Amino acid sequence: MSSFHPLHVASSDRGRASSCLLAQKSPVSTQSQGGTEMLEKILENPRLVVVEEPKDRGMRFRYQCEGRSAGSIMGASSTDNNKTQPTIEIQGPIDGLKKATVTVSLVSKDVPHRPHPHCLVGKDCPVDSGICVVSINPHANRSHSFANLGIQCVRRKELDVSLQKRRSQNIDPFQTGFSKGIEDIDMNSVRLCFQCELEWEDGRKDSLSPVISKPIYDKKATTTSELKIYNLNTYRGTCRGKTEVYMLCDKVQKDDIEILFRLGSWKANGEFAQTDVHRQVAIVFKTPPYEDQSVTEDVEVNVVLRRISDQMESEPVSFTYTPVCLDPYGVKRKGTKKNNMLTSEKSCGTETTPPLPSFFHQTPNVMSSGENQLEKYPQGVCLDEVIINQLLELPELLNALSDSSLPCTPGLDTSAIFDDLDMSFNQNFSNFQQDLAHINDIQFNMLVNENQNPQAERQDGVLQVKTEEEQ
DNA sequence: CCCGTGCGGTC
DNA sequence: AGACCGCACGG
């Protein structure tokens with residue numbers, strides 16, 4: 001019997017014929033946690049298991065030319081105060097086992113798992129080898145954590161040189177033969193592949209079946225990177241939808257991204273075109289209508305970014321749909337609190353205070369287009385749905401509203417975007433005021449006085465904006 | 001306070 | 001894609 005076999009080998013002459021049979025019936029049921037687990041543990045041969053996966057995202061693959069080395073792959077469950085590394089464990093019987101040598105290499109994400117041209121660099125990676133080799137004594141410690149494993153990417157033009165090197169090292173865990181497909185290798189993802197050679201007291205050697213980790217994705221590639229929502233300029237809008245929202249996010253691909261609104265089994269997409277994706281880091285979209293148009297209370301739903309190609313999602317942020325109140329008696333009810341907003345849910349008597357959009361500290365009541373604009377203005381005045389509708393009938397106002405598109409001046413950084421937003425706010429606000437000036441004063445005063453006097457803070461806000469505009 | 005290192009922005 | 005650079009952080 002050959003002493004070096006690429007597959008799961010049991011040495012029957014060590015008196016474990018039955019375990020050999022069993023192993024052949026269920027070769028790699030390493031994840032089994034069932035009731036027969038103990039039995040299997042006793043009977044099966046040693047096996048290699050990944051007990052801590054590598055963190056799949058968040059690390060940039062580094063070029064050799066970047067000098068300082070490529071950092072360390074963390075464990076999937078690693079946290080700031082409890083750091084972990086990718087870890088393997090030798091499970092099963094190890095009586096008579098002298099030592100184990102584990103070789104880690106990179107393989108392609110998809111089957112067949114070919115040797116990957118990218119390199120592993122770090123503590124146990126011989127210089128220029130691109131692989132990692134450790135020797136472990138399973139009797140002392142069955143598991144081994146790989147601290148300081150970095151991924152160093154090779155340039156495309158060095159791709160075949162690198163593969164050639166791997167061949168000369170005899171690294172081809174899944175016997176793919178280095179054959180073809182040199183060009184279509186995905187350079188933005190890899191898997192760790194662990195091969196384990198066992199050396200027994202009697203001199204015999206076995207190789208365990210190679211095991212692979214979950215994929216690891218290059219952080220720099222927007223096609224695979226993590227999705228993150230940083231901020232929305234508003235977190236509220238009516239259940240009718242069409243609220244214009246500005247989202248700041250990590251880099252996205254404009255042709256491969258969607259915004260999902262979700263609650264329970266309901267879901268709908270935020271509406272935007274590719275041209276509404278600004279420099280990959282901001283999206284201007286309109287909220288979809290909520291499924292139920294007749295809600296009487298605020299409804300909190302989740303908003304996520306989702307990459308279409310791999311269905312990857314960001315962490316959710318919550319967005320509140322506010323009711324549209326059509327009850328004329330309900331809306332006649334006057335606000336009882338100071339600082340009521342001109343929002344339809346206020347006129348319906350609910351109590352929640354809208355959160356300040358956190359990236360507009362200077363001008364919390366950002367104007368945008370459509371009914372959202374009305375919802376936000378004037379803060380501190382209590383008007384109700386009837387008045388909103390009356391205001392909306394005024395042609396001057398309609399013009400003001402429809403004229404409020406945001407100029408998308410190319411900015412070099414996000415602060416420039418904020419400047420744009422602020423400018424736009426001021427312009428729109430000023431237009432709005434001018435147009436309000438055309439409204440019959442008596443008409444307007446009636447509308448306002450019938451409800452509540454503007455608050456002092458609000459007047460400050462108006463004054464401030466006006467001053468800026470005049471300068 | 002300096003330096004090596006990790007990290008991220010940008011060209 | 002590949003390289004370069006600067007900042008922040010920890011020793």
Side-chain angles (χ1 to χ4, degrees), chain A residues 54-86 106 108-109 114 116-128 130 132 145-165 181-190 192 215-231 247-257 277-283 305 307 309-310 312 314-315 359 408-420:
Chain A
K55 191 169 173 356
D56 61 344
R57 288 182 156 89
M59 265 264 293
R60 194 143 119 185
F61 299 177
R62 293 290 174 172
Y63 292 94
Q64 188 171 36
C65 62
E66 290 187 78
R68 6 172 196 279
S69 87
S72 301
I73 305 168
M74 290 289 114
S77 66
S78 191
T79 61
D80 278 343
N81 22 355
N82 187 19
K83 306 215 170 182
T84 67
Q85 292 92 31
L106 295 175
S108 61
K109 172 173 70 89
R114 303 179 189 282
H116 199 286
H118 288 346
C119 294
L120 282 170
V121 291
K123 193 160 68 72
D124 295 306
C125 309
V127 178
D128 261 3
C132 173
S145 297
F146 293 87
N148 190 223
L149 256 194
I151 296 172
Q152 192 174 77
C153 50
V154 298
R155 295 180 288 185
R156 272 188 193 281
K157 58 180 180 184
E158 285 154 12
L159 192 147
D160 18 346
V161 181
S162 181
L163 285 177
Q164 215 52 48
K165 190 165 74 192
I182 296 270
E183 280 312 315
D184 62 353
I185 289 180
D186 179 359
M187 302 291 270
N188 299 132
S189 67
V190 296
L192 301 178
I216 304 171
Y217 299 95
D218 187 358
K219 187 187 190 183
K220 207 187 169 190
T222 47
T223 47
T224 53
S225 63
E226 227 154 356
L227 297 169
K228 182 161 184 200
I229 299 172
Y230 284 95
N231 239 319
M247 173 190 287
L248 298 186
C249 53
D250 265 346
K251 271 195 169 187
V252 297
Q253 302 272 89
K254 62 174 185 280
D255 56 351
D256 188 24
I257 197 72
V277 178
H278 178 77
R279 307 217 156 190
Q280 298 190 288
V281 295
I283 305 175
L305 272 174
R307 188 187 294 125
S309 55
D310 63 359
M312 176 82 184
S314 69
E315 286 294 302
F359 68 89
C408 253
T409 313
L412 290 176
D413 53 31
T414 44
S415 66
I417 296 174
F418 292 159
D419 287 344
D420 290 348

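All chains are named by letter (A, B, ...) in the order of the sequence lines, taking the proteins before the strands, and each is independently numbered beginning at 1. Not measured: the values here are computed from a predicted model.
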Measure from [atom1] on [X] to [atom2] on [N] and round the result to the nearest Å.
X      : N      : atom1 : atom2 : result
A:K123 : B:dT5  : NZ    : C1'   : 17 Å
A:K83  : C:dG10 : NZ    : P     : 9 Å
A:R60  : C:dA1  : CZ    : P     : 13 Å
A:R156 : C:dA3  : CZ    : P     : 13 Å
A:E66  : B:dG9  : CD    : P     : 14 Å
A:N188 : C:dG2  : CG    : C1'   : 13 Å
A:M74  : B:dG6  : CE    : P     : 10 Å
A:I73  : B:dC7  : CD1   : C1'   : 16 Å

- Message: Base of C:dG2, side chain of A:R62 - is there a donor-acceptor contact under 3.5 Å?
- Response: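 In this structure, the two groups form no donor-acceptor pair.
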- Message: Just by distance, no angles: are the side chains of A:D250 and A:Y230 close enough, under 3.5 Å, to form a donor-acceptor pair?
- Response: yes
- Task: Spell out, as yes or no, whether a donor-acceptor pair under 3.5 Å connects the side chain of A:R307 to the backbone of A:T223.
- Result: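 It does hold such a pair.
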- Item | Any donor-acceptor pair under 3.5 Å from A:R57 side chain to A:L227 backbone |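 Not a single qualifying donor-acceptor pair exists.
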- Taking only the side-chain nitrogens and oxygens of A:R155, find out if one of them lies under 4.0 Å from OP1 or OP2 of C:dG2.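 So the side chain of A:R155 is outside the cut-off, no N or O lying under 4.0 Å from OP1 or OP2 of C:dG2.
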- Query: Is any side-chain nitrogen or oxygen of A:Y63 closer than 4.0 Å to OP1 or OP2 of C:dG2?
  - Reply: yes
- Are A:D310 and A:K109 within salt-bridge range, i.e. N to O under 4.0 Å? no
- For A:A70 and for A:K220, locate the closest nucleotide of DNA chain B by heavy-atom distance; then report the residue assigned to the nucleotide nearer the 5' terminus.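 By nearest-heavy-atom nucleotide position, the 5'-most residue is A:A70.
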